[in-house]
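Keep in mind the model is a prediction, meaning the values are calculated, not measured. Every chain is numbered from 1, with letters handed out A, B, ... down the list of sequences.
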Amino acid sequence: MTSEYDPKAIEPKWERFWAEHKFFEVTHQSDKPKYYVLEMLPYPSGALHMGHVRNYSIGDAVARYRWMNGFNVLHPIGWDSFGLPAENAAILHKKHPQEWTSANIAQMRAQCKRFGFSYDWTREISSCDPAYYRWNQWFFLQMLKRGLAYRKKSRVNWCRACQTVLANEQVVDGCCWRHEDTPVEQRELPQWFLKITAYADELLADTAALLRGWPERVLTMQRNWIGKSEGTRLKWPVQGTDLTIETFTTRLDTIYGAVALVLAPEHPAVEQLLHGLPGGASIRMGVERLRQQTIRAQVTGGVEKEGLFIGRFVLNPFSGESLPVWVSNFVLMEYGTGAVMSVPAHDQRDFEFAKKYRLPLKVVIQPPDRILSAELLRQAYTDPGRLVNSGPYNGLTSEEAIAKMTRDAAQKGFGEATTLFRIKDWGISRQRYWGTPIPVVYCDTCGVVPVPENQLPVILPAKVEITGMGESPLAQVPEFLHTTCPVCAGPARRETDTMDTFVDSSWYFYRYTDPHTETSPINPEATRYWFPIDQYIGGIEHAILHLIYSRFFTKVMRDLGLVSFNEPVKRLFTQGMVIKDGAKMSKSKGNIVEPDDMVERYGADTTRLYVLFAAPPEKDLDWSEAGVEGCHRFLNRLYRIVAKHAESLRSVRSIGTTRADGNPAADIATGVNALERQLLRKTHQTIRRVTHDFETRWHMNTAIAGIMELVNELYAVESSEEEISPPVLKEVLETTALLLSPYAPHIAEELWEMLGHEPGLLRVPWPRAQAEYAQEEEYEIVIQVNGRVRGRLTVTEDLSEDELRERALADTRIAELVRPGRIAKTVVVPKKLINIVLAS
RNA sequence: GCUGGAGUGGCGGAACUGGCAGACGCGCCGGACUCAAAAUCCGGUGGGGCUUACCACCCCGUGAGGGUUCGACUCCCUCCUCCAGCACCA
């Protein structure tokens with residue numbers, strides 16, 4: 001044993017120890033309460049970055065804390081190993097994606113082990129493993145059987161840089177989520193979709209009902225994303241034709257104020273409406289121009305509202321009034337029916353449109369507190385009110401009118417109540433190689449034929465040329481492409497698209513409960529034991545995509561009879577980003593701090609401690625090298641003081657006040673002196689503080705600050721020249737090691753051993769704070785006069801208000817300020833302060 | 001524009017339920033140790049004033065302004081700034 005802290009020697013030693021003793025391996029056959037803590041599946045991009053380290057350090061602290069509190073802890077890790085970067089790397093380095101991916105996984109696995117994260121490595125999974133992705137295919141087939149997977153030709157988002165289709169969720173500000181400067185284009189392609197909309201209502205409802213342990217902001221984002229709105233679908237007959245146009249509105253009460261019907265430029269009815277109309281050709285050109293604008297607007301966001309009248313009229317089904325039909329770039333084909341009624345007096349967009357094109361304004365809703373007139377309106381009145389100028393509905397409130405008018409419309413057959421969602425079905429087809437093959441074949445005779453389950457997995461062929469251009473590389477592999485039809489045995493072609501990798505990560509956490517099951521995607525018994533996930537930890541960037549897809553998958557699995565609950569994740573924690581020099585760490589900004597460098601220079605414990613200490617985990621963390629050194633100094637300081645006493649304390653038995661099964665007879669009043677009492681008090685207070693933090697809000701920065709205070713106290717005692725009895729000193733030192741162990745496990749294990757204990761802290765019970773020891777013996781009472789601090793008072797017990805006032809007035813300064821008889825009242829906060837309020 | 005979050009020393013941050021603003025760490029200043037330096041240990045460190053005096057005492061101070069309260073970083077109102085998400089959703 002040296003007296004200098006040497007993480008390079010200590011850390012690998014304990015990592016070997018943990019591995020040799022299978023410390024992190026668990027089974028579901030256990031009498032202990034279970035705890036499933038999960039960090040988000042990483043993409044094996046090459047090496048861990050600080051965001052990973054932060055994520056895993058938080059999760060590891062929680063896992064270790066639960067272990068020490070007697071839980072059977074499932075803490076797994078794996079790899080989200082399909083995806084585009086592997087193909088790009090393949091093109092760049094002329095290396096097979098598999099090779100590149102495997103090398104990255106090997107490196108990142110070694111890094112995780114070097115950080116001492118408590119993963120059960122026997123459960124490691126990798127989504128590019130056929131043993132894993134066969135179940136993606138299996139899920140797809142189940143969904144296909146139930147109509148939850150379907151194929152349709154659709155306008156899709158296409159990224160020129162990725163050469164593939166993007167889900168709506170992958171479009172950020174009109175650009176690709178990966179290529180922020182590449183505008184997304186629209187193309188028509190046949191695509192496979194998963195019917196997430198079938199669960200839209202339930203996904204929405206459960207955000208309120210079942211996700212109490214989720215951050216409010218994530219729930220809000222999901223609710224907005226699902227975007228439910230209840231309204232009415234209406235049919236408008238087109239004059240002079242037998243066509244009708246459908247609109248959707250949430251404000252049926254305003255329909256007597258409609259002055260026009262406005263269509264999206266892409267609306268399929270436009271062509272029919274123009275048919276045989278004089279001047280149709282020039283209108284057609286105008287519409288085409290608007291259509292181009294709409295596409296551009298989706299890319300750049302926001303253009304001026306523009307429109308044109310296309311020479312047709314519709315009849316308002318309620319009033320029978322004839323209204324002009326317009327086409328405008330502000331109406332979206334993707335939402336609702338692609339057509340809206342325009343009510344300028346009561347909708348701001350319609351108001352602006354009407355002002356520009358001099359359409360009339362008709363006020364049909366009056367607010368409770370004033371009278372609106374069309375001439376004086378400066379903006380639309382969009383709140384509810386009472387109906388006017390609305391025929392038989394005059395006098396009704398908006399709410400009453402919507403109900404009654406919807407009923408009437410349904411009765412007369414020109415409308416019905418409709419619930420609309422913003423969320424779209426999930427397009428999962430990708431024209432890429434490195435993903436799960438979609439298990440269907442196309443037969444000229446039989447059409448689209450699912451691959452039979454007993455032929456799974458459809459293996460991704462190893463030999464393939466990846467150019468990054470054109471259609472899926474799989475189409476260039478004849479051995480893969482050409483197959484026989486499972487139904488008629490005739491020649492058939494395989495689907496050459498692969499699945500969105502978000503499919504892989506939608507259910508991976510089930511696989512961890514038994515990754516070796518071969519007959520089913522999940523082991524029901526193990527799933528029953530481990531689920532739900534008690535704590536999920538990851539970045540806010542997955543608030544919508546991954547977390548909503550995962551919830552969808554669980555609901556599908558429930559309906560397949562695989563699980564018996566509705567939501568997979570009980571509590572979710574979203575960590576902040578790691579920032580340096582004011583920006584997120586990234587290669588392009590050149591502000592990356594490599595975890596390996598930090599381990600090399602300071603050790604894993606210092607790095608872990610720093611990422612937890614520098615900021616509360618949910619907030620962004622500003623990287624500071626000086627801060628890392630501070631943490632390193634702290635560990636050194638702790639190591640030194642333990643090393644100094646270790647030899648003499650090895651065979652000493654600690655006083656036992658922190659052990660639940662310890663020595664309760666240790667007498668605080670007589671057995672220990674004042675200094676020892678003070679030290680024990682700080683120790684118990686620190687246990688209480690750290691424990692409370694783990695149980696509530698995870699502000700690990702302050703918990704660690706508490707441990708630092710305890711160590712500072714030890715040093716203060718050290719320099720006081722007074723003797724601390726060995727059993728007390730030992731208890732304080734070993735408690736410090738235990739409290740630190742979730743954050744900095746290697747050094748904690750080393751200190752524990754130096755103090756003469758059997759190693760293996762995960763098996764040591766978490767220390768227990770006892771109120772009698774944590775209790776302060778005296779209190780400093782703040783004396784305020786009119787709310788300002790004017791003095792202090794030290795008391796040893798809870799005094800009554802009168803006694804306290806008397807003691808306060810005994811202070812000469814206070815007596816000076818407080819003339820007799822001027823006291824209006826006194827306010828007392830027990831054990832804290834007294835405020836003497838003077839009459840003015 | 002809407003929704004959510006934030007704004008506190010030179011810096012990261014603390015103050016949990018309305019009760020001493022600035023814990024802990026960094027940085028800085030001073031001292032000890034040393035031939036010297038590093039490391040380490042000890043002390044100081046929001047701003048201003050008063051004072052022979054860092055014994056004390058007084059004033060100001062948590063983005064700005066107002067309010068509630070004996071008392072406000074904390075609650076309420078108005079506004080400003082920053083971050084994130086959504087954004088012509090009918």
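Under the Watson-Crick or G-U wobble criterion, with both distances below 3.5 Å, B:C41 is paired with B:G31. The partner of B:G25, taking Watson-Crick or G-U wobble pairs whose two distances both stay under 3.5 Å, is B:C11. If you check B:A53 for Watson-Crick or wobble pairing at under 3.5 angstrom, you find it has no partner at all. Base pairing analysis places B:G1 opposite B:C86; the two distances defining the Watson-Crick or G-U wobble pair are each below 3.5 Å.
With the nearest nucleotide of RNA chain B identified for both A:Ser719 and A:Arg251, A:Ser719 has the one nearer the 5' end.
The base of B:C70 has none of its N or O atoms less than 3.5 Å from a complementary donor or acceptor on the side chain of A:Lys825. A donor and an acceptor atom never sit less than 3.5 Å apart when one is taken from the side chain of A:Arg697 and the other from the base of B:C16. Between the base of B:G1 and the side chain of A:Gln348 there is no donor-acceptor pair shorter than 3.5 Å. Within 3.5 Å, no donor on the side chain of A:Asn224 pairs with an acceptor on the base of B:C86, nor the reverse.
B:G5: glycosidic angle beyond 90° from 0, hence anti.
Classification of A:Glu352 and A:Lys305 as a salt-bridged pair holds, one side-chain N sitting under 4.0 Å from a carboxylate O. Remark: A:Lys235 does not engage A:Glu416 in a salt bridge, criterion side-chain N to carboxylate O under 4.0 Å.
For A:Arg689, no side-chain nitrogen or oxygen approaches OP1 or OP2 of B:A23 to under 4.0 Å. The side chain of A:Ser229 places an N or O atom within less than 4.0 Å of a non-bridging phosphate oxygen (OP1 or OP2) of B:A90. The side chain of A:Arg788 contributes no N or O atom lying less than 4.0 Å from OP1 or OP2 of B:C58. Between A:Asn701 and the phosphate of B:A14, there is a side-chain N or O to OP1/OP2 separation shorter than 4.0 Å. Residue A:Arg349 places at least one side-chain N or O under 4.0 Å from the OP1 or OP2 atom of B:C89.
Judged by a 6.0 Å distance limit and a 45° cone about the ring axis, A:Arg422 is positioned over the six-membered ring of A:Trp225. Both tests pass for A:Arg637 against the ring of A:Tyr715: distance under 6.0 Å to the centre and angle within 45° of the axis.
Separating the P atom of B:G5 from that of B:C89 is a span of 23 Å, rounded to the nearest Å. A distance of about 23 Å separates the P atoms of B:C82 and B:C77, rounded to the whole Å.
Across all strands shown, A:Arg217 has heavy atoms under 4.0 Å from sugar-phosphate atoms exclusively, and none from any base. Using a 4.0 Å heavy-atom criterion, one finds that A:Asp620 contacts the sugar-phosphate atoms exclusively. The residue A:Phe634 sits apart from the nucleic acid: no heavy atom pair falls under 4.0 Å. Residue-level contact check: A:Asn712 touches the backbone only, with heavy atoms under 4.0 Å from sugar-phosphate atoms and none from bases. A:Thr249 comes within 4.0 angstrom of sugar-phosphate atoms only, judged by non-hydrogen atoms across all strands, and of no base. Residue A:Arg637 is classed as a sugar-phosphate contact, given heavy-atom separations below 4.0 Å to backbone atoms only. In this structure, A:Arg790 reaches the sugar-phosphate backbone alone: every heavy-atom distance under 4.0 Å involves primed, P, OP1 or OP2 atoms, never a base. Using a 4.0 Å heavy-atom distance criterion, A:Glu780 is classed as a base contact.
With no hydrogens or angles considered, no side-chain donor-acceptor pair links A:Glu629 and A:Tyr610 at under 3.5 Å.
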